[in-house]
Asks: 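Quick one: the structure is below, and I'll ask about it shortly.
Because only heavy atoms are used, hydrogens play no part in the values below, and waters and symmetry mates are left out as well, while side chains stay in. Here the structure is a predicted model, which is why all the values come from computation and not from measurement.
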Amino acid sequence: MHRTSGLVTFATALCVLAAGAGCAGGEAADASAEPAVCESFAAAQNTVTHIKQANVSENGLTALRPYVSELIQQLTQLAADAKAQFSQQADQLRASVDVLSASVDKARDNPDLANLGAVRQAVDGVRATAQALADSLKNTC
């Protein structure tokens with residue numbers, strides 16, 4: 001029961017990433033003219049939507065694994081795309097994604113309360129750095 005509760009909290013935290021960063025996505029009139037950073041941001045938001053729809057209660061961590069891996073890759077790409085214009089925010093996002101990746105790997109190997117708690121903290125870090133980048137993207141995307 002504790003494992004499912006931790007996973008639900010993890011999924012909820014990722015949903016916060018989507019809600020908090022939502023202000024930067026989809027506002028441009030011509031998507032083909034958007035910079036790469038806008039496209040990579042939208043891709044990450046799409047993956048978070050899939051995470052929100054995953055049935056964690058029924059399928060456990062298995063439901064989240066492919067999406068979490070995909071999200072980590074997309075956030076890495078987002079940081080790379082943002083590097084030119086938003087280097088400070090991109091560096092902070094990349095560092096927080098590295099922490100998330102390491103904590104997810106550890107939780108996969110040993111999904112106890114401490115490791116799931118570390119994932120929750122890492123998600124909070126990614127959420128905060130993604131929000132800082134989203135705030136910077138408001139005038140670009």
Side-chain angles (χ1 to χ4, degrees), residues 2-141:
H2 288 288
R3 179 187 288 181
T4 302
S5 174
L7 293 174
V8 170
T9 302
F10 172 63
T12 301
L14 285 172
C15 295
V16 171
L17 170 64
C23 59
E27 293 180 8
D30 184 5
S32 64
E34 287 186 337
V37 68
C38 298
E39 293 176 22
S40 57
F41 189 81
Q45 286 181 306
N46 185 50
T47 300
V48 171
T49 298
H50 289 295
I51 290 170
K52 288 193 313 190
Q53 296 170 351
N55 190 342
V56 176
S57 297
E58 191 172 302
N59 300 319
L61 188 58
T62 304
L64 294 178
R65 281 184 182 163
Y67 297 121
V68 170
S69 296
E70 184 177 358
L71 181 61
I72 288 170
Q73 290 173 356
Q74 290 168 334
L75 290 172
T76 300
Q77 183 63 48
L78 175 60
D81 291 343
K83 187 77 174 166
Q85 283 182 279
F86 310 100
S87 63
Q88 180 181 3
Q89 296 90 337
D91 288 344
Q92 291 170 345
L93 178 59
R94 177 68 202 149
S96 66
V97 168
D98 288 345
V99 170
L100 176 60
S101 181
S103 64
V104 166
D105 288 345
K106 191 171 183 179
R108 281 182 185 160
D109 293 339
N110 185 14
D112 64 12
L113 290 177
N115 289 337
L116 291 173
V119 170
R120 265 184 264 130
Q121 285 182 320
V123 167
D124 287 344
V126 170
R127 181 191 49 78
T129 58
Q131 182 62 53
L133 180 56
D135 291 344
S136 298
L137 288 172
K138 283 182 184 177
N139 294 327
T140 302
C141 300

Asks: What's the shortest heavy-atom distance between Glu34 and Glu39, and which atoms?
Replies: O-OE2, 3.8 Å
Asks: Test of understanding: with salt bridge (charged side-chain N to carboxylate O under 4.0 Å, His left out), list the residues that count as partners of Asp98, not counting sequence neighbours.
Replies: Arg94
Asks: Carefully, step by step, assess Gln73 and Thr76 under the rule side-chain contact (heavy atoms from CB on, under 4.5 Å).
Replies: CA-CA 5 Å; Gln73 290 173 356; Thr76 300; 5.6 Å; no
Asks: I need the Ser96 OG to Arg127 CZ distance, nearest 0.5 Å.
Replies: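 Between atom OG of Ser96 and atom CZ of Arg127 there are 11.0 Å.
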Asks: Mind running side-chain contact (heavy atoms from CB on, under 4.5 Å) on Val48 and Gln45 for me, showing each step along the way?
Replies: CA-CA 5 Å; Val48 171; Gln45 286 181 306; 5.7 Å; no
Asks: Quick one: CZ on Phe41 to OG1 on Thr140, what's the gap to the nearest 0.5 Å?
Replies: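 The OG1 atom of Thr140 is 11.5 Å from CZ of Phe41, to the nearest 0.5 Å.
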Asks: Nearest 0.5 angstrom please: Leu78 CG to Gln74 CD, how far?
Replies: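 Reported value, rounded in 0.5 Å steps: 9.5 Å.
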Asks: Taking Val97's backbone N and O only, do any of them form a donor-acceptor pair with Ser101's side chain (distance below 3.5 Å, no angle check)?
Replies: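 Answer holds: no.
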Asks: Using every non-hydrogen atom in the two residues, find where Val99 and Ala122 come nearest and quote the distance to one decimal.
Replies: CG1-CB, 4.0 Å
Asks: As an exercise, state the distance from CD1 of Ile72 to CG of Leu100, rounded to the nearest 0.5 Å.
Replies: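 Here the rounded value is 4.5 Å.
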Asks: So Val119 and Val123, side-chain contact (heavy atoms from CB on, under 4.5 Å) or not? Walk me through it.
Replies: CA-CA 6 Å; Val119 170; Val123 167; 4.2 Å; yes
Asks: Write out all pairs satisfying ring pair (Phe, Tyr, Trp, His ring centres under 6.0 Å) with one or both partners inside residues 87-140, taking only residues at least two apart or from two chains.
Replies: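 Not a single pair qualifies under ring pair (Phe, Tyr, Trp, His ring centres under 6.0 Å).
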Asks: Might you point out which heavy atoms bring Asn110 and Asn115 nearest each other, and give the distance in Å?
Replies: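 Heavy atoms only, the tightest pair is O-ND2, 2.6 Å.
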Asks: Starting from the C-alpha separation in whole Å, work towards a yes-or-no answer on salt bridge (charged side-chain N to carboxylate O under 4.0 Å, His left out) for Lys106 and Asp109.
Replies: CA-CA 5 Å; Lys106 191 171 183 179; Asp109 293 339; over 6 Å; no
Asks: Give the minimum heavy-atom separation between Ala36 and Asp81, together with the two atoms involved.
Replies: O-OD2, 3.4 Å
Asks: Where is the tightest heavy-atom contact between Ile51 and Leu71, given as atom of each residue plus distance?
Replies: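 In this case the closest contact between Ile51 and Leu71 is CD1-CD2, 4.0 Å.
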Asks: List the atom pairs, with distances to 0.1 Å, where a side-chain N or O of residues 84-92 and a protein N or O form a donor-acceptor pair under 3.5 Å, not counting sequence neighbours.
Replies:
residue: Gln89; atom: NE2; partner: Ser136; partner atom: OG; Å: 2.7
residue: Asp91; atom: OD1; partner: Lys83; partner atom: NZ; Å: 2.2
residue: Asp91; atom: OD2; partner: Lys83; partner atom: NZ; Å: 3.1

Asks: Quick check: closest heavy atoms across Leu93 and Ala130, and the distance to 0.1 Å?
Replies: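 In terms of heavy atoms, the two residues are closest at CD1-N, 4.1 Å.
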